[in-house]
Number of protein chains: 2
Amino acid sequence: MDNIDRELLALLQADATQSYAALGEAVGLSSGATHERVRKLRRRGVIRRTSVDVDPAAVGKGVAAFVMLDASAWMGGEETAAALAALPWIEEAHIVAGAASLMVKVRTSSPEDLQAVLRRLHEVPGVTSTQTVVVLETFFERPLDPRGDSPRDQERPS
Amino acid sequence: MDNIDRELLALLQADATQSYAALGEAVGLSSGATHERVRKLRRRGVIRRTSVDVDPAAVGKGVAAFVMLDASAWMGGEETAAALAALPWIEEAHIVAGAASLMVKVRTSSPEDLQAVLRRLHEVPGVTSTQTVVVLETFFERPLDPRGDSPRDQERPS
DNA sequence: CGTGAAAGATTGTGCTT
DNA sequence: AAGCACAATCTTTCACG
């Protein structure tokens, strides 16, 4: 994982339809060498998959919300994960430390559907209460920058 | 936007490296017709881009957290968005309704770096307090299902 | 929406450093 | 090991029906 790999990841995040020739030119490598590096990034699991980014509003998921769930007893990890994964309106689910036990991100077509999903979340075994934060406007959602510097450094040189 | 389009979106989300011939076979269309549909989905903005999904831990972003920000005065949208976007450890930023004004998702390499990012968030003009929820374990993060049914329907037929 | 041909990309082999 | 250059194969992309 050198700087060329990180640069390739950033370029592929921005546009994965580019040819290896174009990618190679951007990082100063031949098409073949570039392809070989990307193949290794895939095999090592650094690149998990190539995907398309779909506009949520265009597929009837224009309403987003974060829901914090409290659990009474300790919820079996596997079991809870499966119950949440079965609800297709849940985009992410995490175990968290803080006020709540679980944090999930939900997308629905309307506030009414959001309410229906909340009702279903209350039916998940172990869930005792929910606290919902509705998204009014999204500033941005973007891929992580692989060229990571540390926030403890003074000023980032652009 | 018919069911074939939605099916194509789901297939492309799962693997955007497939050939149009393979996609076409899966939905019962020729390679040419499939390509035309996908081209239109791109042009209409339903598909925003093709990207690679990178393992956060592999690029030094193994720690995730959600931070809720409170604002004193009303924060100018554009200005705040720019200040947050300038911090590369912030993956998402939303205006929210509820206990807080803003919700952001942060990824860093360590708890120490998370603390440094929180310090920087306090320096954003208008921010008065932060409440942080640290992710201990991620169950899943997945693309939305474009074949959206409503949660108000009885039982989902698989 | 399908077919077929031209243009272009991907993937493999051999060779060099 | 890693990269380059050339060649074979497959895909995309453009006609036209």
Side-chain angles (χ1 to χ4, degrees), chain A residues 1-60 142-149 157, chain B residues 1-62 109 142-149:
Chain A
M1 263 295 270
D2 58 6
N3 284 329
I4 295 184
D5 280 340
R6 277 184 276 271
E7 191 62 35
L8 286 173
L9 289 175
L11 290 166
L12 285 170
Q13 280 177 337
D15 179 11
T17 68
Q18 292 169 87
S19 72
Y20 291 116
L23 284 171
E25 186 164 8
V27 301
L29 252 56
S30 77
S31 152
T34 305
H35 183 268
E36 177 65 10
R37 275 177 179 264
V38 174
R39 199 187 61 79
K40 282 178 184 163
L41 287 169
R42 281 185 210 280
R43 200 172 40 77
R44 284 166 40 207
V46 176
I47 295 177
R48 293 201 276 219
R49 69 181 159 184
T50 303
S51 183
V52 294
D53 185 39
V54 173
D55 177 16
V59 293
R142 63 186 181 192
L144 323 144
D145 193 338
R147 296 154 299 193
D149 40 6
Chain B
M1 263 295 270
D2 57 7
N3 284 329
I4 294 185
D5 281 339
R6 277 184 276 271
E7 192 61 37
L8 285 173
L9 289 174
L11 290 166
L12 285 170
Q13 281 177 336
D15 178 11
T17 67
Q18 289 171 88
S19 70
Y20 290 116
L23 284 172
E25 187 164 8
V27 299
L29 253 55
S30 77
S31 154
T34 304
H35 182 267
E36 177 65 10
R37 276 177 179 263
V38 174
R39 199 187 61 78
K40 281 178 185 163
L41 287 170
R42 281 186 209 280
R43 198 170 43 74
R44 285 167 41 207
V46 176
I47 294 178
R48 293 201 277 219
R49 71 180 157 184
T50 302
S51 183
V52 293
D53 185 39
V54 173
D55 178 15
V59 293
K61 297 275 166 57
S109 64
R142 63 186 179 192
L144 324 142
D145 193 336
R147 296 154 300 194
D149 40 7

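Throughout, a chain's letter reflects where its sequence line sits, starting with A, and its residues are numbered from 1. Since this is a predicted model, take the numbers as computed values, not measurements.
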Length of the [atom1]-[atom2] vector between [X] and [N], whole Å:
X        : N       : atom1 : atom2 : answer
Arg37(A) : dC4(D)  : CZ    : P     : 10 Å
Glu36(A) : dA9(C)  : CD    : P     : 20 Å
Asp5(A)  : dG3(D)  : CG    : C1'   : 14 Å
Gln18(B) : dT12(D) : CD    : C1'   : 15 Å
Asp2(A)  : dA2(D)  : CG    : P     : 10 Å

Taking the minimum atom-to-atom distance to the side chain of [X], which one of [options] wins?
X        : options                  : value
Ser30(B) : dT3(C), dT12(D), dG3(D)  : dT3(C)
Ala33(A) : dG3(D), dT10(C), dT12(D) : dG3(D)
Tyr20(A) : dT12(D), dT10(C), dC4(D) : dT10(C)

Practice task
Sort out the partner of dT17(C) for me: Watson-Crick or G-U wobble, both distances under 3.5 Å, none otherwise.
Solution key: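 Its partner is none (no Watson-Crick or G-U wobble pair with both distances under 3.5 Å).
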
Can you find a heavy atom in the side chain of [X] that is under 4.5 Å from one in the side chain of [Y]?
X        : Y         : value
Leu41(A) : Met1(A)   : yes
Val38(A) : His35(A)  : no
Gln13(B) : Pro146(B) : yes

Practice task
Return no unless some side-chain N or O of His35(B) is found under 4.0 Å from OP1 or OP2 of dT12(D).
Solution key: no

Exercise for the section: Indicate whether OP1 or OP2 belonging to dA2(D) is found under 4.0 Å from a side-chain N or O atom of Lys40(A). Expected result: yes

Exercise for the section: Give Arg39(A) one of three labels, base, sugar-phosphate or nothing, depending on what nucleic acid heavy atoms sit under 4.0 Å from its own. Expected result: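 No contact.
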
Handout entry: Side-chain ion pair, Asp2(B) and Arg37(B), N-O less than 4.0 Å
Key =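 Here Asp2(B) pairs with Arg37(B) in a salt bridge, since their nearest N and O are under 4.0 Å apart.
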
